[in-house]
Amino acid sequence: MTQSVVVQVGQCGNQVGCRFWDLALREHAHVNKKGLYDEALSSFFRNVESRRSDRGACVVSGRIQQLKARAVLVDMEEGVVNEILQGPLREVFDSTQLLTDVSGSGNNWAAGHLTYGSTYREQIVDKLRKAAEHCDCLQCFFLIHSMGGGTGSGLGTRVLGLLEDEFPDVCRIVTSIYPSEEDDVVTSPYNSVLAMRELTEHADCVLPVENQSLVDIVNKIKLMSHGVKPSSMIKRDSTVISTQGGLSGAEKPFDAMNNIVANLLLNITSSARFEGSLNMDLNEIAMNLVPFPRLHYLVPSLTPLYTLADVNVPTRRLRPSLPFVSWNQEGWKTGLCSIPPVGHSHSLLALANNTCVKPTFLELKERFTKLYKKKAHLHHYLHVEGMEQSFFTEALASLSSLIEEYHHLDATKTRLTPDTPRLSMAR
């Protein structure tokens, strides 16, 4: 069985991470009734002797004594991490996994990437190495961060570069929360485009999640939960966005949105953690879905996001309705897991590598250009030691090139060439 390490950077990254660990423990508790430390648990947790937890003494089998998350938590403000340490998840982490500062990055990519990235480089590498050393077979790093803030975008992408330098053979899957158009951080277009260049160059796969999409999903579910028709009523104890049955107490403002992202990550790894008729290795995601190295932005779709009180789910055939490029008709990978998410009888996660991300990137480029034409707020970045204006032009060029690559592939849909006949074996 392989293990994965979750790296949470910035306020948003740690809030999503908090929900991930809460729901992961809930999921394993639902499946693991005997309280034994098994291979499924080992993928995300260590079993530590409670009397020697400070020394990291691991128990490889037997009853669960004290679980420690395979995680590294980084934030340049103490608020969210301290809140986690004072909450019900406090026993899941220890001081060797945490790195915080007090001042924050001020919504400035340069401060996070250059200032804090240089100051804390050795400490971050040390914590990553310690997390990796606790793994028997490290398969993947999951990085969770946001694109709009300073720490998430700047330090988050600096950590991504460190992962590539220190662990070049370990898969790097990044979950990036993109800001909405009405984002209250005025410099978020700068931060996002500067971060995009790093994601394009250093990630194996990126799962882009739009903040506005999460808001729309949660609002729709809340509206349906107050529906008058019995067939449209939602079972509140089985919704993906519900915290009922988890470790947390009262639901916090962003819990519903963060739960969707947390469940996305749980679904990605379920086939690697639990038994099934067709298990999938996490490395196979990039192998099967990324034909061009820069075009590794995989759009996630998750269903069901809720369970209706009274509904019959019709059988659907997925593949015939999907248009595949002529040169890659088998460009998909399937994993079948026998353990459904808690509260559901079934679940489906699809990761699609297609050109539908282009409008999001175009909109982001437009917002960046509006600021950059006026050189608005540019001085905040250029005052940071090591930051040069060329960083902006190179980041914009990288994004423009990425959009052009997607545009070129999009244009080929109208002029598909017939498949070349395959060679048949002579009998």
task: Might you point out which heavy atoms bring Ile285 and Cys205 nearest each other, and give the distance in Å?
output: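 Closest approach of Ile285 to Cys205, heavy atoms only: CG2-SG, 4.1 Å.
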task: Compare every heavy atom of Val357 with every heavy atom of Tyr297, then report the nearest pair and how far apart it is.
output: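 In this case the closest contact between Tyr297 and Val357 is O-CG1, 4.4 Å.
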Heavy-atom count check: over 12 atoms from other residues, nucleotides or ligands less than 6.0 Å from [X] [atom1]?
{"X": "Glu275", "atom1": "CD", "answer": "no"}
{"X": "Glu166", "atom1": "CD", "answer": "yes"}
{"X": "Phe167", "atom1": "CZ", "answer": "yes"}
{"X": "Lys375", "atom1": "NZ", "answer": "yes"}

message: Does the plane of the ring in Phe44 sit parallel, tilted or perpendicular to the ring in Phe142? Use 30° and 60° as the thresholds.
response: tilted
Is it the case that the side chains of [Y] and [X] hold a donor-acceptor pair, with the cut-off being a distance below 3.5 Å and no angle test?
{"X": "Thr157", "Y": "His202", "result": "no"}
{"X": "Glu363", "Y": "Tyr178", "result": "no"}
{"X": "Thr96", "Y": "Lys130", "result": "no"}
{"X": "Asn267", "Y": "Ser347", "result": "yes"}
{"X": "Tyr120", "Y": "Asp101", "result": "yes"}
{"X": "Asp75", "Y": "Gln11", "result": "no"}

Distance check, rounded to the nearest 0.5 Å: [X] atom [atom1] versus [Y] atom [atom2]?
{"X": "Leu128", "Y": "Gln97", "atom1": "CG", "atom2": "CD", "result": "11.5 Å"}
{"X": "Ile173", "Y": "Ile268", "atom1": "CD1", "atom2": "CD1", "result": "6.0 Å"}
{"X": "Leu98", "Y": "Glu78", "atom1": "CG", "atom2": "CD", "result": "11.0 Å"}
{"X": "His28", "Y": "Leu25", "atom1": "NE2", "atom2": "CG", "result": "8.0 Å"}

message: For the aromatic rings, using the six-membered ring if either is Trp, is the centroid distance between Trp109 and Phe392 under 6.0 Å?
response: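 Distance test on ring centres: not under 6.0 Å, no.
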- prompt: Is the Phe391-Tyr381 ring centre distance short of 6.0 angstrom?
  reply: no
Would you call [X] and [Y] a side-chain contact if the rule is heavy atoms closer than 4.5 Å?
{"X": "Gln8", "Y": "Gln15", "answer": "no"}
{"X": "Asn108", "Y": "Thr187", "answer": "no"}
{"X": "His145", "Y": "Ser176", "answer": "yes"}
{"X": "Ser401", "Y": "Arg294", "answer": "yes"}

- request: Report the C-alpha separation of Phe361 and His407 in whole Å, then their side-chain angles, then the decisive distance to 0.1 Å, and conclude whether the ring pair (Phe, Tyr, Trp, His ring centres under 6.0 Å) test is met.
  value: CA-CA 11 Å; Phe361 295 162; His407 179 70; over 10 Å; no
- request: For side chain to side chain donor-acceptor pair (under 3.5 Å), just list the numbers for Arg367 and Ser192, CA-CA rounded to whole Å, side-chain angles, deciding distance to a tenth of an Å, and then say yes or no.
  value: CA-CA 10 Å; Arg367 291 173 57 206; Ser192 299; over 6 Å; no
task: Determine, stepwise, if the pair Thr360 / Glu210 fulfils side chain to side chain donor-acceptor pair (under 3.5 Å).
output: CA-CA 9 Å; Thr360 298; Glu210 285 188 307; 3.2 Å; yes
